[in-house]
Amino acid sequence: MSSEPQDAVADVSVLPLTRPQLAEARRMRAAELFEQRRPSSEVARAVGMHPESVRRWRRLWEQGGVQALRRRPATGRPPKLDDAQVEAVRTVLEQGAQAHGFEADLWTLERVGVVVERVTGVRLARASVWRLLTGRLGWSLQRPRRQAIERDESEIARWVAQEWPRIKRGR
């Protein structure tokens, strides 16, 4: 006998569908309705789409079946860096800029481009470096806080408590 309560629910994490996945699911539902010989206007209401879109889907379905309505992979030039190279770049960047010979521990697009070229042998344009950082690595723009290293919090507190009231009174 299990020690767990009978009404325990399994913790199943389900990621929400992306827009392309939702669109494909809608087309697949339309294909099921096409197979049932339902009229396009009824299919359009059932899947929540404009009747003209459903008529276009029906023509595709009639020519190529369900496969014609499936999502196709994105076209275009493949990325210059494969997944293994991106992970190698991530590891190197996490070491910090000073670990790679830069004076300040601050990453700029130019510095990241230099490091990417050292690690992978691939030269990237600034825009490509930005896409690598934000898109593939999930990093975001961070601006350093502008604050003097010599800042003395106790002296600031003393000044605010003693000097500022005196100045404000005009003495």
Side-chain angles (χ1 to χ4, degrees), residues 9-147 149:
V9 177
D11 180 25
V12 178
S13 297
V14 178
L15 295 175
L17 294 177
T18 62
R19 288 182 67 177
Q21 289 170 330
L22 287 170
E24 182 180 34
R26 189 177 289 133
R27 291 190 304 273
M28 293 302 104
R29 176 67 181 131
E32 292 171 7
L33 296 172
F34 294 155
E35 289 170 358
Q36 297 172 11
R37 304 286 182 226
R38 302 279 180 91
S40 293
S41 59
E42 184 181 326
V43 174
R45 278 192 305 275
V47 298
M49 291 297 293
H50 193 276
E52 186 57 38
S53 296
V54 172
R55 285 191 287 275
R56 188 178 67 249
W57 294 350
R58 186 181 292 273
R59 285 191 301 272
L60 288 170
W61 174 76
E62 288 169 349
Q63 294 170 358
V66 174
Q67 195 58 38
L69 297 177
R70 292 227 179 262
R71 195 165 43 126
R72 289 185 269 298
T75 59
R77 183 179 180 154
K80 289 185 176 182
L81 301 178
D82 62 27
D83 292 339
Q85 289 173 312
V86 170
E87 285 310 309
V89 168
R90 177 192 308 272
T91 302
V92 167
L93 293 178
E94 287 173 348
Q95 295 170 354
Q98 287 179 325
H100 297 282
F102 297 107
E103 187 174 316
D105 205 16
L106 178 72
W107 286 117
T108 63
L109 293 178
E110 290 78 12
R111 288 180 177 184
V112 172
V114 167
V115 171
V116 167
E117 189 171 359
R118 282 184 202 157
V119 171
T120 65
V122 176
R123 172 175 270 156
L124 296 178
R126 283 176 49 110
S128 297
V129 172
W130 176 254
R131 281 191 302 273
L132 169 69
L133 291 172
T134 58
R136 296 191 69 189
L137 293 176
W139 289 19
S140 62
L141 176 66
Q142 304 290 314
R143 295 196 187 270
R145 191 169 7 146
R146 301 279 182 201
Q147 193 173 55
I149 296 171

- Distance col, row L132:CG vs K80:NZ, nearest 0.5 angstrom, shows 12.0 Å
- Item | Contact check, side chains of Q142 and W107, non-hydrogen atoms, under 4.5 Å | no
- Contact summary for V66 and A31, nearest pair of heavy atoms: CG2-CB, 4.1 Å
- Task: Provide the full list of ring pair (Phe, Tyr, Trp, His ring centres under 6.0 Å) pairs with a residue in residues 31-82, sequence neighbours left out, each pair given once.
- Result: F34-W61
- Message: Does anything in residues 121-135 form a salt bridge (charged side-chain N to carboxylate O under 4.0 Å, His left out)? List the pairs, not counting sequence neighbours.
- Response: E110-R126, E117-R123
- Item | Within residues 62-72 or reaching into it, pairs that qualify as salt bridge (charged side-chain N to carboxylate O under 4.0 Å, His left out) - sequence neighbours excluded | E24-R70, E24-R71
- Under the salt bridge (Lys or Arg N to Asp or Glu O under 4.0 Å) test, residues paired with R136 that sit two or more places apart: D83
- Any V89 side-chain heavy atom under 4.5 Å of V115 side chain: no
- Task: Report yes if some heavy atom in the side chain of L109 is under 4.5 Å from a heavy atom in the side chain of L133; otherwise report no.
- Result: yes
Ignoring hydrogens and angles, write down the donor-acceptor pairs under 3.5 Å from the side chains of residues 97-106, residues two or more places apart or on other chains.
from	atom 1	to	atom 2	distance (Å)
Q98	NE2	E103	O	2.9
H100	NE2	V92	O	3.0
H100	NE2	Q95	OE1	3.0
D105	OD1	A97	N	2.7
D105	OD1	Q98	N	3.2

- Message: Would you say that L124 contacts L81 through its side chain, given a criterion of any heavy-atom pair below 4.5 Å between the two side chains?
- Response: yes
- Using atom types as modelled and distance alone, determine if a side-chain donor or acceptor of Q85 lies under 3.5 Å from a backbone N or O of D82. yes
Result block: side-chain N/O donor-acceptor pairs under 3.5 angstrom for residues 40-49, not counting sequence neighbours:
from	atom 1	to	atom 2	distance (Å)
S40	OG	R58	NE	3.0
E42	OE2	R38	NH1	2.8

